Number of protein chains: 2
Amino acid sequence: MDQTHPPQTDDLPDEITGPPASVDEFRTRLADILDDLPRRLRQCADYIAANTDRIAVSTVAELATGADVPPSAVMRFCQILGFSGFSEMQRLFREAYSPGWPDYSTRLKNLKEGGAGSPTALLAEFIEAGRQSLEALAKSADEVALQQAVAVLAGADTVHVVGLRRAFPVASYLAYVFEKMSVPAMLHDGVGKLDHRFALRPNDAVLAITFAPYSEETLTLAQDAKARGLPVVALTDRMTSPLVRFSDAILTVPEVDFGAFRSLSATIAMAIALAVAVGSARGS
Amino acid sequence: MDQTHPPQTDDLPDEITGPPASVDEFRTRLADILDDLPRRLRQCADYIAANTDRIAVSTVAELATGADVPPSAVMRFCQILGFSGFSEMQRLFREAYSPGWPDYSTRLKNLKEGGAGSPTALLAEFIEAGRQSLEALAKSADEVALQQAVAVLAGADTVHVVGLRRAFPVASYLAYVFEKMSVPAMLHDGVGKLDHRFALRPNDAVLAITFAPYSEETLTLAQDAKARGLPVVALTDRMTSPLVRFSDAILTVPEVDFGAFRSLSATIAMAIALAVAVGSARGS
DNA sequence: GCAATTTTGGAATTTTTATTCCAAAAATCC
DNA sequence: GGATTTTTGGAATAAAAATTCCAAAATTGC
């Protein structure tokens with residue numbers, strides 16, 4: 001009704017801002033106001049900040065109890081944040097929680113029930129390993145290192161890609177993507193070791209990929225390149241990898257294994273991102 | 001009421017069982033009754049089984065709409081499962097509720113904020129593509145086809161693996177895993193086409209991998225194998241793939257692309273599962 | 001210390017949501 | 001084919017939850 005100017009008001013339209021449009025915005029706004037909030041409202045803010053994930057499944061009364069305030073305080077809190085009320089705030093969190101693939105976990109469970117060792121159970125395990133790897137990568141990715149790596153490779157004449165054994169699929173995919181992106185690249189496959197030394201020219205760069213147990217040949221090539229003053233980018237499993245010593249930019253990927261085999265999901269995601277970024281950095 | 005008392009007291013209340021005490025028990029009970037359920041109730045069951053994780057954040061009306069039934073049908077469904085009503089069922093799921101975020105999805109969002117085309121934004125996209133691919137695979141995997149494929153390959157003397165271009169990384173990884181599992185395998189890499197024909201021996205099998213646009217050489221090899229009566233297993237993107245014609249077992253993987261490049265996550269998960277299953281089937 | 005302003009708690013109210021109930025429709029049985 | 005049982009849809013009702021409102025308490029400014 002009187003949503004707009006009431007008759008007698010000190011018109012202090014501090015915030016005509018609408019409700020937060022995302023969970024992130026919600027957090028930002030919450031942090032902004034947190035400091036100048038009266039006692040009870042502050043209790044709400046603290047409790048809710050610490051329990052954001054329960055907003056979607058709680059009632060006003062429950063949150064109020066949790067924060068040890070009366071329900072009306074929670075309502076006020078919602079309004080201060082820009083929502084029309086609690087329901088609007090809750091809607092934000094209910095919608096934000098929408099993994100597009102609801103029956104994923106059910107289905108995975110069914111697959112696993114095929115019995116330990118059955119093909120479908122194996123598949124479920126590898127799917128899960130891959131997914132965990134990707135999520136871990138999302139959390140741990142080093143943005144600075146990635147930018148460095150792109151810069152190094154974008155400045156090279158030819159990119160020498162080396163990766164053997166388990167790393168070879170990644171190396172070969174990188175070579176493929178580089179070719180598609182018109183980046184001069186050379187895939188070293190470990191046969192004819194002598195060729196390597198001659199192939200490395202000034203202004204080239206090396207992209208070396210290896211995971212424990214680290215492949216001798218890959219390390220050697222990286223070392224050679226370093227000795228000649230060529231920049232080396234490492235794609236490896238951890239910061240203690242021997243590759244780290246020779247490298248100018250280090251990308252680590254947290255890959256979850258199942259049994260003896262890597263899912264490679266995270267490694268490949270990182271590899272493609274790198275290659276495409278290098279490709280477009282060169283293009284422009 | 002029955003006048004004549006039968007020997008057994010089958011006029012007892014049908015359900016003395018209380019409500020499911022856990023999500024697992026819920027699933028079990030749902031699976032039990034699923035088969036003998038009238039039409040509308042079955043719609044509920046199907047929809048809810050496929051959307052269990054939305055129960056915690058939905059209203060009866062919302063679920064009813066989703067399942068395309070009236071709200072009362074949903075209520076009946078809850079009661080059949082042993083709950084006193086929807087609220088009790090919802091309580092179970094609300095207690096178990098714990099969303100995957102904030103970490104993962106917030107972080108992804110931050111990565112993307114590096115700006116379109118930035119290396120980290122690309123990484124986020126590929127991570128997301130990979131994850132979606134894996135989840136889609138979990139949903140769509142054809143257990144029967146997988147078992148067929150394992151049977152075919154486990155019975156072969158030598159497995160010929162062929163996959164070129166984008167499929168080559170997968171093929172090479174398969175070759176690696178087969179080697180580790182002591183399965184005689186041969187990786188065909190497209191150079192020296194003539195070799196292929198001679199390499200195929202009676203009792204061998206072919207594992208062909210290709211995605212649109214399908215590689216000529218791969219199709220040719222599969223066709224040759226078929227012509228000689230060798231079994232062919234296809235790992236491809238859809239049922240309309242030209243590979244399907246020559247194949248005895250068809251594995252399709254729903255891979256989500258970002259830009260021009262496949263994440264390969266799902267394909268590799270399927271490939272490893274297949275290889276490991278074949279390896280252990282032979283071992284025993 | 002007094003008046004003005006802000007903050008608070010909880011009761012009253014409104015809105016939404018869950019739940020029941022029953023007549024009609026459909027299916028099943030004899 | 002008619003009687004009986006099961007299933008269904010939706011209106012009616014009950015319950016729960018959200019939201020508003022206002023008087024009392026606390027705080028602030030002078």
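The figures that follow rest on heavy atoms only: side chains count, while hydrogens, waters and symmetry mates do not. Quick caveat, the model's predicted, so the values are computed rather than measured. Proteins get letters first, then strands, A, B, ... in listed order; numbering begins at 1 in each.
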* Asked: In chain order, what residues pass the ring-ring contact (aromatic ring centres under 6.0 Å, His included) check against A/Phe77, with sequence neighbours excluded?
  -> none
* Structure fact -> Here the side-chain hydrogen bond (donor to acceptor under 3.5 Å, both in side chains) pairs for residues 30-41 of chain A, sequence neighbours left out, are A/Arg40-A/Gln43
* Return the set of residues passing side-chain contact (heavy atoms from CB on, under 4.5 Å) with B/Ser241 (not counting sequence neighbours), or none when no residue passes. => B/Tyr214, B/Thr236, B/Asp237, B/Leu243, B/Val244
Pull out every protein N or O sitting under 3.5 Å from an N or O of nucleotides 23-27 of chain D, one pair per line with the distance.
none

Restricting to nitrogen or oxygen on both sides, can you table the protein-nucleotides 16-19 of chain D pairs closer than 3.5 Å?
from   : atom 1 : to      : atom 2 : distance (Å)
D/dA18 : OP1    : A/Val60 : N      : 3.4
D/dA18 : OP2    : A/Val60 : N      : 2.7
D/dA18 : O3'    : A/Ser87 : OG     : 3.0
D/dT19 : OP1    : A/Ser87 : OG     : 3.2
D/dT19 : OP2    : A/Phe86 : N      : 2.5
D/dT19 : OP2    : A/Ser87 : N      : 3.1

* **Contacts of B/Phe93 that satisfy ring-ring contact (aromatic ring centres under 6.0 Å, His included) - sequence neighbours left out** => B/Phe26
* Counterpart residues, salt bridge (Lys or Arg N to Asp or Glu O under 4.0 Å), relative to A/Arg42 (two or more places apart) -> A/Asp46
* Asked: Could you state the CG-P distance from B/Leu63 to C/dT17, rounded to the nearest angstrom?
  -> 12 Å
* Using the six-membered ring of B/Phe211, assess whether NZ or CZ of B/Arg262 lies under 6.0 Å from its centre and within 45 degrees of the ring axis. => yes
In residues 80-90 of chain A, what donor-acceptor pairs under 3.5 Å come from side-chain atoms, sequence neighbours left out?
from    : atom 1 : to      : atom 2 : distance (Å)
A/Ser84 : OG     : A/Glu88 : OE1    : 3.2
A/Glu88 : OE2    : A/Ser84 : N      : 3.4
A/Gln90 : NE2    : A/Ile55 : O      : 3.1
A/Gln90 : NE2    : A/Ser58 : O      : 2.7

* Structure fact -> Rounded to 10°, the helix from C/dG1-D/dC30 to C/dC30-D/dG1 deviates from straight, judged by its five-pair end axes, by 30°
Distances under 3.5 Å only, N/O to N/O: pair up the protein atoms with those of nucleotides 4-8 of chain D.
from  : atom 1 : to      : atom 2 : distance (Å)
D/dT8 : OP1    : B/Arg39 : N      : 3.3
D/dT8 : OP1    : B/Arg40 : N      : 2.7

Check nucleotides 26-29 of chain C against the protein and report each pair of N or O atoms closer than 3.5 Å, with its distance, or say if there are none.
none

* Structure fact -> Applying side-chain contact (heavy atoms from CB on, under 4.5 Å) to A/Ala273 and not counting sequence neighbours gives B/Leu122, B/Leu123, B/Phe126
